Amino acid sequence: MKIALVQLAVSATKADNLNRATQLVSRAAKEGAKLVSLPECFNSPYGTSYFPEYAEKIPGASFDSLSSMAKENQVYLIGGSFPEEDNGKLFNTCCVFNPKGEMIAKHRKIHLFDIDVPGKIRFQESETLSPGNSFTTFDTPYCKVGVGICYDIRFPELAQVYAKLNCKLLVYPGAFNMTTGPAHWELLQRGRALDNQLYVATVSPARDTGAKYVAWGHSTVVNPWGEVIATTEHQETILYADIDPAYVEEVREQIPTRKQKRDDMYTLDWKKS
Ligand SMILES: NC(=O)CC(=O)C(=O)O
């Protein structure tokens, strides 16, 4: 399965973001991608003050555009994320569409990005957002896919649950920054991929040095062996990679850690379906 990660240059103008996303998804499909992903906050700048202003209901205008992009281009589309308003609460939400344009999954960021690194970065998503409470997977003809958003990648248990649910590819739309990006972005992806012996893809917005929150960029794909098989710098681009579900099985047979877990000593316990 050829996948395409759209590292979109996100501006403060929602209509421009939607137009650029439409063009780039169409270009990715013409290049043969079967699954395309947009980045976190693909239609608004990333920041707690922007979330209330840019929030939309689901369904709504951005939802409709994403649905059309998937249908017109006959692709599975992971719609990055946008701020969602529901019953007076805001969420950082990713909608996933099948090639008919139907929504087949919706992920609300489970782990909110609340950090304070003195002198570097303080960010408190919980100032305006509420967390999601569900796991998100969907089926394609090629393999099952698990979805997380950005900070979700820091929680190995989530990736482990997805691996147990038989996902062979995890996709994280995400916007790391100039402090945590160089330090942790690739390391986390390789860790999640190697621990769970599956593919991990991350999709960042392009870097805008004039923005309040400067994204690291560097959208990347890591294979089940822990190798980076595709990556890029920080400009707007489309990153392509081939996902081979048979290779996941091959690696799992070669190094059978999944069968060697000591369930008599520890188990992964999850409380939601
Ligand atoms: N923006 C995020 O949600 C996460 C992030 O930047 C980090 O974990 O670092």
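For ligands, and for the atoms within them, numbers begin at 1 and follow the listed sequence. Only a predicted model underlies this, so the values are computations on that prediction, with no experimental measurement involved.
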*Asks:* Salt bridge or not between Arg122 and Glu127? Use side-chain N to carboxylate O under 4.0 Å.
*Replies:*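 Salt bridge present between Arg122 and Glu127.
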*Asks:* Using a strict threshold of under 4.0 Å (side-chain N to carboxylate O), is an ion pair present between Glu249 and Lys168?
*Replies:* yes
*Asks:* Testing Pro39, Cys41, Ser81 one by one against Ile149 for a side chain to side chain contact (heavy atoms under 4.5 Å, CB included), which residue passes?
*Replies:* Ser81
*Asks:* Please determine whether a side-chain nitrogen of the Lys or Arg among Asp263 and Lys261 lies less than 4.0 Å from a carboxylate oxygen of the Asp or Glu.
*Replies:*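 Salt bridge flag = no for Lys261 with Asp263.
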*Asks:* Measure from the side-chain N and O atoms of Gln189 to the backbone N and O of Val221, and report whether any donor-acceptor pair falls under 3.5 Å.
*Replies:* no
*Asks:* Using links of under 4.5 Å between side-chain heavy atoms of ILVMFWY residues, direct or through other members, which residues join Val36 in one cluster?
*Replies:* Val6, Leu8, Val10, Leu18, Leu24, Val25, Leu38, Phe42, Ile58, Phe63, Leu66, Met69, Val75, Leu77, Phe82, Phe97, Met103, Ile238, Tyr240
*Asks:* Could you go through ligand 1 and list every pair where one of its N or O atoms sits under 3.5 Å from a protein N or O, giving the atom names and the distance to one decimal?
*Replies:*
| residue | atom | partner | partner atom | Å |
| --- | --- | --- | --- | --- |
| ligand 1 | 1 (N) | Tyr46 | OH | 3.2 |
| ligand 1 | 1 (N) | Ala175 | O | 3.1 |
| ligand 1 | 1 (N) | Tyr213 | OH | 3.4 |
| ligand 1 | 3 (O) | Lys109 | NZ | 2.7 |
| ligand 1 | 3 (O) | Tyr151 | N | 3.3 |
| ligand 1 | 6 (O) | Asn177 | ND2 | 3.3 |
| ligand 1 | 6 (O) | Tyr213 | OH | 3.2 |
| ligand 1 | 8 (O) | Arg154 | NE | 2.6 |
| ligand 1 | 8 (O) | Arg154 | NH2 | 3.3 |
| ligand 1 | 9 (O) | Arg154 | NH2 | 2.9 |
| ligand 1 | 9 (O) | Thr180 | OG1 | 2.6 |

